[in-house]
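The figures here come from the full heavy-atom set of this structure, side chains too, leaving out hydrogens, waters and symmetry mates.
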Amino acid sequence: MKKYLLALDQGTTSSRAILFSKEGQVMGMAQREFTQIFPQSGWVEHDAMEIWQSQLAVIAEVQAKTGINAAEIAAAGITNQRETTIIWNKTTGKPIYNAIVWQCRRTADYCEQLKNQGLTALIKEKTGLKIDAYFSATKIKWILDNVPNARQQANAGELLFGTVDTWLLWQLTKGAVFATDYTNAARTMLFNIHTLQWDLDICEKLDIPMNILPSVKPSSHIFGDIHADFLQDISNKTSKTNETSQPVKIAGIAGDQHAALFGQCCFQPGMIKNTYGTGCFTLLNTGTTAVYSKNDLLTTIAWGINNTVEYALEGSVFVAGAAVQWLRDNLQLIQTAEDSEKYATQVADSNGVYVVPAFVGLGAPYWDQYARGTITGISRGTTKNHIIRATLESIAYQSHDVIKAMAQDTNQNIQQIKVDGGACKNNFLMQFQADILDINIVRCKVTESTALGAVFLAGLAVGFYSSKEEILQKIEVDKTFTPQMDNEQRQVLLKGWENAVKRSLSED
Ligand code: ADP
């Protein structure tokens, strides 16, 4: 009897496996951190074999913990850190270089060259992206140009490229399936999001051979089977059933932010999710239309299901929860991130203080990489509590700016925002977010939206769920934060924030 779904959630710092019931409840979870490699300033790598081994280990661990047999798992879904680039030899299965992580800036200069060649508009039109070292394309080129013999091997058809989903899929199927999904392909800067094909023109301009690229499938799709060998230990350990280990279908793949949008059931155009982690990632469903932003937000594929592709606008705030870490680790004003709520609510307001945590510049809609952190409005009466409160408020103000830009780009009247991520547990922050946006903020009971999205996509593909409507029934709201602030006060506060941001911008 197939009663469960398995999520493989491969993140930037850890690999996780979560088993869900059909109702979307977490049955068990296993997690392993892996090594972050920093070969030089601005460079970030992972050992691709360690990613694979850690992912394999947590599958075994979660099955052992829950006693759930492979035969009881209806399907598995993969969700992953996006853009991270792996190239491996298809015969030996060995990576020819470490995984180059999305955060890695090593190709920033090459990206400047591409911009100087006048490719910005072409790349934006075809891929929905800004030219940036963040995306996979220039990382692929770097490996091919810098690893001895890599180009010859690629030309001889010996190499494969994949984002982390593709790498795991290839390993889990013992090399039988070499594929990715639309959402991951859309983050490579090589994929045409309109034709749904790898783009020959871009590949030629960047000198990337197309024979190394995986085939691209919908996000909800039966990709292949997790080989029974990788599930064997578990069925031996359980005496609940006599069924022998069997393969489990991998039937859903999506990049982490896209999976979270799906896991939050943002199925209709105009629906938004905001993830409050180290940074904030906001995605707005724009339906079957790829909307181009006037505020330099990214256009991306939300997911592909059956023959339909839906699109999303994406904006990010670089420093969100990280500003709370700064309060804790650098200023030592709080002991834990949770403490921030306690101190912030000891004062009635921030007493005119604004913190602009532009530690690494400002993203959408300002796009000033030389902006720097600023605190304004300090007076003799300013206390630690005001600074803490203003720091939490800055997370909400920055998200406000992204969400207002999205509303402007789409002419949408946004009704509500679904939230997840570590800092969404902060009730003060969520209430302030509702107040400053004048929009309801909805927090669900199960906050594992990313993993949920992956298993929902998988469950749909194998018929475990009959429709998106059925999935919607599984979501239970924990709390809705409704705006309490009057408009006059909101405008005064926003004006103050605008002035503070102006002071943090570089002067050029
Ligand atoms: P990531 O996936 O980016 O590592 P998480 O979703 O795990 O992030 O969230 C962790 C971040 O959220 C940290 O930056 C932490 O400072 C912040 N955070 C966690 N709990 C709270 C809280 N109660 N209030 C404010 N910030 C919090």
Heavy-atom check, side chain of Asn184 versus side chain of Thr166, under 4.5 Å:
no
Less than 3.5 Å apart, any donor N or O on the side chain of Asp420 or Gln264 sitting next to an acceptor on the other?
yes
Measure the shortest side-chain to side-chain distance between Leu298 and Phe135 over non-hydrogen atoms and say whether it is less than 4.5 angstrom.
yes
With rounding to the nearest 0.5 Å, note down the distance linking OG in Ser316 to CG in Asn274.
10.5 Å
Once you measure the plane-to-plane angle for Phe230 and Trp52, does it fall in the parallel (<30°), tilted (30-60°) or perpendicular (>60°) bin?
perpendicular
Please tell me whether Gln433 and Tyr276 have a donor and an acceptor in their side chains that are separated by less than 3.5 angstrom.
yes
If we ignore angles and hydrogens, is there a donor and acceptor under 3.5 Å between the side chains of Ser15 and Gln10?
yes
Taking the six-membered ring for Trp and the full ring for Phe, Tyr or His, determine whether the centres of Phe456 and Tyr465 are under 6.0 Å apart.
yes
Electrostatic pair Lys139-Glu83, nearest N-O below 4.0 angstrom
no
Under a 3.5 Å threshold, yes or no: a donor from one side chain and an acceptor from the other, between Asn295 and Asp409?
yes
Between Lys22 and Phe464, is NZ or CZ placed under 6.0 angstrom from the six-membered ring centre and within 45° of the ring axis?
yes
Is the shortest side-chain heavy-atom distance between Pro218 and Ile305 below 4.5 Å?
no
Would you say that Phe481 contacts Phe432 through its side chain, given a criterion of any heavy-atom pair below 4.5 Å between the two side chains?
no
Taking all non-hydrogen atoms of both residues into account, name the closest pair between Met271 and Cys266 and its distance.
CB-CB, 3.6 Å
Just do the side chain to side chain contact (heavy atoms under 4.5 Å, CB included) check on Leu460 and Ile471 with the steps written out, would you?
CA-CA 9 Å; Leu460 267 182; Ile471 290 173; 3.8 Å; yes
cation_pi(Lys130, Trp367) dist<6.0 Å, angle<=45
yes
Does a donor on one side chain sit under 3.5 Å from an acceptor on the other, for Asp401 and Tyr366?
yes
Ignoring hydrogens and angles, state whether a donor on the side chain of Asp435 or Gln431 is under 3.5 Å from an acceptor on the partner side chain.
yes
Could you check whether Asp256 and Asn80, counting side-chain N and O atoms only, form a donor-acceptor pair closer than 3.5 Å?
no
May I ask you to decide if the ring planes of Trp326 and Phe359 are parallel, tilted or perpendicular, using 30° and 60° as cut-offs?
tilted
Less than 3.5 Å apart, any donor N or O on the side chain of Thr188 or Ser136 sitting next to an acceptor on the other?
no
In terms of the angle between their ring planes, are Trp198 and Phe161 parallel, tilted or perpendicular, with boundaries placed at 30° and 60°?
perpendicular
Among side-chain atoms of Gln31 and Ser14, is any donor-acceptor pair under 3.5 angstrom?
yes
Would you say Ser340 and Glu338 are linked by a side-chain donor-acceptor pair, where the criterion is simply a distance under 3.5 Å?
no
Side chains of Glu470 and Ser467, donor plus acceptor under 3.5 Å:
no
Are any of the side-chain nitrogens in Glu23 or Lys445 under 4.0 Å away from the carboxylate oxygens of its partner?
no
Any donor-acceptor pair under 3.5 Å linking the side-chain atoms of Gln25 with those of Lys474?
no
With the threshold set at 4.0 Å, does a side-chain nitrogen-carboxylate oxygen contact exist between Lys174 and Asp229?
yes
Please tell me whether Thr183 and Trp303 have a donor and an acceptor in their side chains that are separated by less than 3.5 angstrom.
no
Could you check whether Trp88 and Trp167 have their ring centres less than 6.0 Å apart?
yes
Looking only at side chains, do Thr180 and Asp165 share a donor and an acceptor under 3.5 Å apart?
yes
